[in-house]
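No hydrogens, no waters, no symmetry mates; every other heavy atom, side chains included, goes into these values. The model shown is predicted, which means the values in this text are computed figures rather than measured ones. Ligands are counted one by one from 1 in listed order, and the atoms in each one are counted from 1 as well.
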Amino acid sequence: MFNFLKKAIESFTKKAETKSKPESAVSAPQPSAKTEQPKELQKLEKKLGFLETVTKVITETKIAGEYFDKIFAALELELLQNNVAAEIVEKIRVKLREDLVGKSLKRGQVADIIKSDLRDMILYALEGPKPVDLIIAAKETKPLVILFVGVNGVGKTTSIAKTAAYLQKNGISCVLAASDTFRAASIEQLQAHADKLKVEMIKHNYGADPAAVAFDAVKHARARNIDVVLIDTAGRQHSNVDLMAELEKIKRVAKPNLTILSVDSLTGNDAVEQARLFNDKIGIDASIISKVDADEKGGTVISVVQATQKPILFIGTGQRYEDFEKFAPEKFVSKIFG
Ligand code: GDP
């Protein structure tokens, strides 16, 4: 998983170390004849002796600004192609430039510096506000109402079922609200999970008002002393205006304590666009990113946090209920860097 960075780092380092000029040659005028040594080098040689000079020239490099820009272009492309948001790439560029350009660097140091800079910048980008702990929140607020939003196919229903399974495992009861009354088979799909998990589900007919379904589920939770209400919603893509109006209404009626955006790691830039849109229009508190197991790139996770400035609650790492991990930035960054 996420081996793109390894390749990018190796290629950047190779270019930086093999093509950048030896330190002593940077400020010295270029020799006119092939055999002639730069004056600086001659002076250095006299002072240090031949062996030491050679070692120094071979092992120390200084990367000039122009050359840095040239080799960074390839790393930049690699990061962008792997869905790392442009803002983060720019921050990485500034930091690397500061740490590499014009510095005397020993061989091997370049790789260490870019690894540690990338790690720091990515971790910094991921460590936003801490996500709420659902178990603690469920104990403090009864019922805790959670609204799930996101476009179709991103793994929203699966994430709702995984959340229910996670809560159940921790002794928290829940009820599902089938508020996607728009997409054919959505109610049956959620019902199948409810049956498997043995949790109750509140449903109306297709075409019914989704806000009314959510309202009934909250009422049901209050009456039955159920800890958490998980509301599924429609995710039609073709008419965002209707969808956003519908979600706003559900929000007004069900008054969720948390609104969670579901996004698909594999959709890259689309996921980032969706994150921006839902965050701007509806307001989200956190995201759940599914299909991270199938994502070789990994940049989506970083970019969604950057775009929303909201934490990631869980990542989906497979199709089973237990393939659901609390998102831990440190662990994620360690995975990226192997
Ligand atoms: P929805 O339309 O947003 O409700 O999406 P679904 O929950 O129906 O998920 C769409 C597909 O993605 C299904 O085949 C799921 O099994 C699959 N899926 C969901 N989450 C994950 C995940 O974390 N990893 C993998 N590999 N597949 C997932």
Side-chain angles (χ1 to χ4, degrees), residues 1-2 83 131 134 146-167 169 174 176-197 199 201-203 206 210 213-214 217 229-240 242-244 246-247 250 258-268 270-275 277-279 282 284 286-305 312-328 331-332 335:
M1 193 158 56
F2 315 140
N83 307 324
L134 286 192
I146 308 178
L147 178 68
F148 286 80
V149 299
V151 304
N152 285 335
V154 295
K156 179 159 30 82
T157 315
T158 309
S159 292
I160 293 170
K162 285 174 172 178
T163 306
Y166 167 80
L167 291 170
K169 214 175 101 198
C174 45
L176 309 184
S179 286
D180 180 356
T181 59
F182 181 79
R183 183 170 61 107
S186 66
I187 300 176
E188 287 77 7
Q189 194 193 345
L190 195 66
Q191 185 74 62
H193 286 297
D195 293 347
K196 231 191 262 177
L197 291 163
V199 298
M201 185 183 95
I202 303 302
K203 63 178 174 187
Y206 284 105
V213 183
V229 182
L230 303 173
I231 306 170
D232 186 19
T233 59
R236 56 186 171 275
Q237 254 174 319
H238 66 272
S239 86
N240 276 328
D242 287 356
L243 176 62
M244 294 304 160
E246 180 178 298
L247 292 176
I250 300 176
L258 284 173
T259 300
I260 294 178
L261 173 73
S262 200
V263 290
D264 177 342
S265 181
L266 298 174
T267 58
D270 272 357
V272 180
E273 277 312 305
Q274 289 158 20
L277 180 75
F278 279 93
N279 195 36
I282 304 298
I284 62 161
S287 316
I288 291 180
I289 303 200
S290 64
K291 309 181 199 177
V292 174
D293 53 309
D295 182 12
E296 298 216 324
K297 297 181 170 178
T300 308
V301 172
I302 306 163
S303 300
V304 166
V305 178
I312 292 172
L313 203 51
F314 292 99
I315 51 173
T317 55
Q319 303 205 10
R320 301 168 313 166
Y321 292 145
E322 59 270 34
D323 297 328
F324 202 47
E325 293 177 14
K326 264 192 187 180
F327 181 66
K331 194 173 158 199
F332 186 79
K335 246 186 203 168

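- In terms of the ring-ring contact (aromatic ring centres under 6.0 Å, His included) criterion, Phe278 has no residue partners (sequence neighbours excluded).
- Of the possible polar contacts, one joining the Ser186 side chain to the Asp180 backbone as a donor-acceptor pair under 3.5 Å is found.
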Test Leu134 against Phe314 for side chain to side chain contact (heavy atoms under 4.5 Å, CB included), laying out the working first.
-> CA-CA 11 Å; Leu134 286 192; Phe314 292 99; 3.9 Å; yes
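- By the side-chain contact (heavy atoms from CB on, under 4.5 Å) test, Lys196 pairs with Tyr321, sequence neighbours left out.
- Within the 3.5 Å criterion, the main-chain N or O of Ile284 finds a donor-acceptor partner in the side chain of Asn279.
- Legend: residues meeting side-chain contact (heavy atoms from CB on, under 4.5 Å) with Ala214, ordered by chain and number and at least two apart, are Ser179, Ile231, Ile250, Ala254.
- Within 4.0 Å of ligand 1, heavy atoms belong to protein residues Val151, Asn152, Gly153, Val154, Gly155, Lys156, Thr157, Thr158, Lys162, Arg183, Gln189, Ser290, Lys291, Asp293, Gly316, Thr317, Gly318, Gln319.
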